[in-house]
Protein chains: 2
Amino acid sequence: MLNSYSSADKVLLAVDCIIFGFDNQGLKILLIKRDFEPEKGKWSLIGGFLKRDEVLDNAAIRILNTYTGLNDIYMEQLYAYSEIDRDPVERTISVSYYALINIENHNAEMIKNYHAQWFSIAEAPDLIFDHNEMLQHAIRRLRYRTSIKPIGFELLPEKFTMRQLLELYEAILSKELDKRNFISKINSLEILNKLDEKDMQSSRKGSYLYTFNKEKYEEKLLNDFVLNL
Amino acid sequence: MLNSYSSADKVLLAVDCIIFGFDNQGLKILLIKRDFEPEKGKWSLIGGFLKRDEVLDNAAIRILNTYTGLNDIYMEQLYAYSEIDRDPVERTISVSYYALINIENHNAEMIKNYHAQWFSIAEAPDLIFDHNEMLQHAIRRLRYRTSIKPIGFELLPEKFTMRQLLELYEAILSKELDKRNFISKINSLEILNKLDEKDMQSSRKGSYLYTFNKEKYEEKLLNDFVLNL
DNA sequence: TTTATTAATGTAGTTTTTACACTTAAATAA
DNA sequence: TTATTTAAGTGTAAAAACTACATTAATAAA
């Protein structure tokens, strides 16, 4: 029995991660300053090469973990980029993944060590290779996903206020949402737990904190519900 | 300057195509009977390997053309599959593409020569490797896409009746649609041209033929319209 | 000319979405 | 202690979208 397709050409496979985060200043992305050639000193997505005995999903997880120390992160494969000269060093096909993380939780030390930095989506610098295209593609997919299932919870701290949730969605969709309509829509989904606890940072009155109810959410997902914001 | 990432592992990259077609018996898929090992004699998606100086999109186009003789076909990249042993011969990552074609137009000769065959979606045989998964994934994506933009026109002959269009959508979405509501929704999109010509095959009265108005469609696409069927 | 067959067409009831403004709670300052 | 300030919390009416549904029209064949 055959044990190789000897005539076919092999190529390098890279994985690039578009890492989204959110804080009170809006939607952000994690970029790294390259400290090697080519394009040394320019900003880039976080990436690496697929290893011989590694599955793409695991490569993405490994790369994310290397730079942020995080595990158990929501990631989704996006697209394979294959322009001949996309990487000037050598023919490389790159599969992109996007991740959503809570900015508060990651390991700030590690990020510093790698010269990584958070940028507002709107103020992201020019990136190497085809990484600008990857980023735009990821933003589009994030918007899309968000309008279908309420994926964005991954970007918030465990306990959050309705205002935070609202602002997250406004940041992702980059449009203003009506506060009352938003709250009643979210409530009608019945995927949040309202706590007795209040957040007293943002106002004198204080605002109730919520947690995301993953069980109820999974249950709902089966009937592929649509969230129309 | 660096001219290779010498430490990294190279892999084989395959492209597999999920080719959808439609005729008056419903939604179909084009499969090929493998005439080489491994899995000789089993059914498989149509595929091939990426060449050294080829972009993935072109590989998909080349493969589709090889088996059907068709050009200028709607294709969309779907997903990269990378399980370690997905191909028992050798580590291979496969990027899937799906295509929509009009069954009437393809080269029936070529298909015969390659032992390729059309199967109803519902009656597709068991496939090699992870091709079943690819197929299911593609069906899901096709449904999804269809519910967002009226992609399905690619599957019909140039001139078609409202009934054909309705049946196509019913086949893709695998649910019954209300004829009147469907027609008025399609009409409200204003992306069809109603011809003076009638199709007299299906009834005594005859039914008007339509063509798809690509210009108007592109125009609409800019305001990312949603088609809710 | 009657019959049979599929095409074509409109509306009323229901549900969903949108737009919109005042009251409440609590801390701080007077 | 009272007044002031700040953001939180809440409901409704109008508009739009969606759903369900049945009759008439055109033509070919008998």
*Take the protein atom CG of B:N187 and the nucleotide atom C1' of C:dA8, then report the distance between them rounded to whole Å.*
11 Å
*Between atom CZ in A:F182 and atom P in C:dT17, what is the gap in whole Å?*
14 Å
Could you pull out every donor-acceptor pair under 3.5 Å between side chains of residues 23-32 of chain A and any protein atom, sequence neighbours left out?
unit_1, atom_1, unit_2, atom_2, d
A:D23, OD1, A:Q25, N, 2.8
A:D23, OD2, A:K28, NZ, 3.0

*Once the angle between the rings of B:Y169 and B:F182 is folded into 0 to 90°, is it parallel (under 30°), tilted (30 to 60°) or perpendicular (over 60°)?*
tilted
*Any chance OH of A:Y208 has more than 12 other-residue heavy atoms, nucleotides or ligands included, within less than 6.0 Å?*
no
_Residue pairs involving residues 151-165 of chain A (criterion salt bridge (Lys or Arg N to Asp or Glu O under 4.0 Å); sequence neighbours excluded)_ = A:K159-A:E197, A:R163-A:E167
*5' precedence on DNA chain D between A:D178 and A:S207 (nearest-nucleotide basis)*: A:S207
_B:N65 (side chain) donor-acceptor with B:L70 (main chain) under 3.5 angstrom_ = yes
*Let me know the distance between CD of B:Q201 and C1' of C:dA7, rounded to the nearest Å.*
15 Å
_Between P on C:dT9 and NZ on B:K185, what's the gap in Å once rounded to a whole number?_
19 Å
*Under 4.0 Å between a side-chain N or O of B:S202 and OP1 or OP2 of C:dA7?*
yes
*Gap between atoms CG and P, on B:L165 and C:dT6 respectively (whole Å)*: 19 Å
_Can you list everything that forms a side chain to side chain donor-acceptor pair (under 3.5 Å) with B:N187? Sequence neighbours excluded, please._
none
*Mind checking what makes side chain to side chain donor-acceptor pair (under 3.5 Å) contact with A:R143, not counting sequence neighbours?*
A:S174
*asked:* I want to check one thing: is the phosphate of C:dG10, taken as OP1 and OP2, less than 4.0 Å away from some side-chain N or O of B:R180?
replied: no
*Rounded to the Å, how far apart are B:L177 CG and D:dC21 C1'?*
16 Å
Taking only nitrogen or oxygen atoms into account, show me every contact under 3.5 Å that the protein makes with nucleotides 11-13 of chain C, one pair per line with its distance.
none

*Starting from P on D:dT10, measure out to NZ on A:K194 and report it in whole angstrom.*
5 Å
*Under 4.5 Å between any side-chain heavy atoms of A:F20 and A:I18, yes or no?*
yes
_Could you check whether any side-chain N or O of A:R62 sits under 3.5 Å from a backbone N or O of A:D57, counting only pairs where one atom can act as donor and the other as acceptor?_
no
_Please report the distance, rounded to the nearest Å, between NZ in B:K179 and P in D:dC21._
15 Å
Nucleotide N/O of nucleotides 27-30 of chain D paired with protein N/O under 3.5 Å:
none

